[in-house]
Engineer: 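Okay, here's the structure, questions in a sec.
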Number of protein chains: 2
Amino acid sequence: MIKTIKELRDHGILPTAQRLAVAEYILHSEAHPTADQVWERVRVTSPTLSRATVYNTLNLFVNKGLIQRQVLREGTVVFDGMNDAHHHFIDEETGQIFDIPWDAIEVKTNGNLGEYDIHAYQVVMRGRRKKKTS
Amino acid sequence: MIKTIKELRDHGILPTAQRLAVAEYILHSEAHPTADQVWERVRVTSPTLSRATVYNTLNLFVNKGLIQRQVLREGTVVFDGMNDAHHHFIDEETGQIFDIPWDAIEVKTNGNLGEYDIHAYQVVMRGRRKKKTS
DNA sequence: GTTCGTGCAAACGGTTTGCAACAAT
DNA sequence: ATTGTTGCAAACCGTTTGCACGAAC
């Protein structure tokens with residue numbers, strides 16, 4: 001909580017009650033919620049929070065580099081509290097999105113891509129997540 | 001043209017005038033157009049073509065495995081006439097999307113992904129495309 | 001008292017859908 | 001006659017925006 005306040009300040013974000021509520025959720029969430037899902041969730045504890053504020057707040061967080069916006073789903077954008085480079089796995093049946101650590105995958109280009117100045121990349125995998133082996 | 005008719009039939013798609021017009025464009029397009037862009041374009045030669053038919057037709061093509069639907073852009077889906085597995089590069093300034101041949105990139109997982117049953121994957125790269133050399 | 005954030009409702013843009021007219025077989 | 005396709009308009013859903021109110025410095 002006090003840690004979250006500091007994190008907002010460190011990113012040049014004035015910490016308000018609403019922003020704190022959103023940050024507390026998104027920064028500690030394993031899920032990759034849509035803006036509306038964030039609203040649903042945070043509204044439980046902050047019932048006065050408006051949908052517009054959630055959208056504005058999440059966009060602010062993205063612009064300030066606190067979280068990432070990911071285009072992984074049709075029709076909507078999801079937000080990712082994991083802020084370092086990483087890959088993604090999407091369960092084709094449940095639609096769930098999982099973060100894959102950067103060093104779990106090695107990507108090598110074979111020199112034919114001279115035309116392109118690559119600033120960033122990620123691997124997007126699709127399939128089925130097996131039953132948790134505890 | 002006659003070749004396109006065959007291609008539609010081979011995918012179990014009844015070739016109508018509208019479907020042919022859409023197919024002729026999307027199958028030979030280097031661009032990665034949105035449904036609306038397909039409409040704009042195909043409407044030039046087929047002015048009676050409705051927006052709904054374009055959406056329906058593109059979805060039909062995807063379901064029949066003739067083209068791919070790609071989630072690479074915020075707010076909209078793009079269609080890709082290249083039907084084999086390949087990667088993508090997105091120019092961050094122009095928004096243009098380029099197909100990257102499958103064998104131009106090598107992806108190796110280092111064995112930590114046992115939880116995941118991977119059916120498909122692609123690398124999504126972002127950056128700037130350099131001026132064409134030649 | 002000026003600046004910034006919030007909430008509401010309306011607007012917006014991409015997409016889907018219900019339905020009536022219309023082939024095609 | 002039945003089945004499938006098209007076109008139109010309305011509906012839908014995620015998101016943004018205009019504006020008035022309110023809080024903070």
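Here is the naming used below: chain letters follow the sequence lines, and residue numbers restart at 1 for every chain.
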Engineer: To the nearest Å, give me how far apart CH2 (W39(A)) and C1' (dT16(D)) are.
Structural biologist: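 These atoms are roughly 15 Å apart.
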Engineer: Between dG14(C) atom C1' and E74(B) atom CD, what is the distance in whole Å?
Structural biologist: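 Roughly 14 Å, once rounded to whole Å.
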Engineer: Rounded to whole angstrom units, what separation is found between the CG atom of N59(B) and the C1' atom of dT5(D)?
Structural biologist: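 Rounded to the whole Å, the gap is 15 Å.
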Engineer: Round to the nearest Å and state the distance from L20(B) atom CG to dT5(D) atom P.
Structural biologist: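 Going from L20(B) (CG) to dT5(D) (P), I get 14 Å.
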Engineer: Go through residues 91-99 of chain B and report each residue with a non-hydrogen atom lying under 4.0 Å from DNA chain C, sorted by number.
Structural biologist: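 Nucleic-acid contacts, sorted: none.
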Engineer: Is the ring pair Y121(A)/W102(A) parallel, tilted or perpendicular, if the boundaries are 30 and 60 degrees?
Structural biologist: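 Y121(A) vs W102(A) ring planes: tilted.
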Engineer: Whether Y55(A) contacts dT16(D) is assessed here as follows: a side-chain N or O lying under 4.0 Å from the phosphate OP1 or OP2. Is that the case?
Structural biologist: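 Answer no for this pair, as no side-chain N or O of Y55(A) is under 4.0 Å from OP1 or OP2.
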Engineer: Would D91(A) and R128(A) count as a salt bridge (Lys or Arg N to Asp or Glu O under 4.0 Å) here? Give the steps.
Structural biologist: CA-CA 5 Å; D91(A) 189 301; R128(A) 283 292 285 147; 2.7 Å; yes
Engineer: In whole Å, I'd like the distance from the CG atom of L58(B) to the P atom of dG14(C).
Structural biologist: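 Taking atom P of dG14(C) as the reference, CG of L58(B) is at 15 Å.
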Engineer: Nearest-Å distance, CG (L8(B)) to C1' (dT5(D))?
Structural biologist: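 After rounding, the reported distance stands at 14 Å.
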Engineer: Charged N to carboxylate O below 4.0 Å: is that the case for R126(B) and E92(B)?
Structural biologist: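 Not counted as a salt bridge, because no side-chain N and carboxylate O are separated by less than 4.0 Å.
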Engineer: Under 3.5 Å, side chain of H32(B) to main-chain N/O of I97(B), donor-acceptor pair present?
Structural biologist: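 Checked: pair present.
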Engineer: Ignoring hydrogens and geometry, is there a side-chain-to-backbone donor-acceptor pair from R73(A) to G95(A) under 3.5 Å?
Structural biologist: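 Yes: the side chain of R73(A) pairs with the backbone of G95(A).
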Engineer: Encode nucleotides 1-10 of chain C as B, S and - characters from 5' to 3', where the letter depends on protein heavy atoms closer than 4.0 Å: B to the base, S only to sugar-phosphate, - to neither.
Structural biologist: ----SSBB--
Engineer: For the pair Y116(A) and F89(B), name the ring-plane relationship: parallel under 30°, tilted 30 to 60°, perpendicular over 60°.
Structural biologist: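 It falls in the tilted class, 30° to 60°.
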Engineer: When you measure from the side chain of N83(B) to the backbone of G65(B), do you find a donor-acceptor pair of N or O atoms at a distance under 3.5 Å?
Structural biologist: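 Yes, because the side chain of N83(B) sits within donor-acceptor range (under 3.5 Å) of the backbone of G65(B).
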Engineer: CD1 of I67(B) to CZ of F79(B): how many Å apart, nearest 0.5 Å?
Structural biologist: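 Here the interatomic distance stands at 6.0 Å.
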Engineer: Expressed in angstrom and rounded to an integer, what is the separation of Q70(A) atom CD from dG14(D) atom P?
Structural biologist: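 My rounded result for the distance is 19 Å.
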Engineer: Starting at CZ of R73(A) and ending at C1' of dT15(C), how long is that distance when rounded to a whole Å?
Structural biologist: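 Rounding to the nearest Å, CZ of R73(A) and C1' of dT15(C) are 17 Å apart.
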Engineer: What is the distance from atom CD1 of I5(A) to atom CD of E24(A), rounded to the nearest 0.5 Å?
Structural biologist: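 Rounded to the nearest 0.5 Å, the CD1-CD separation comes to 8.5 Å.
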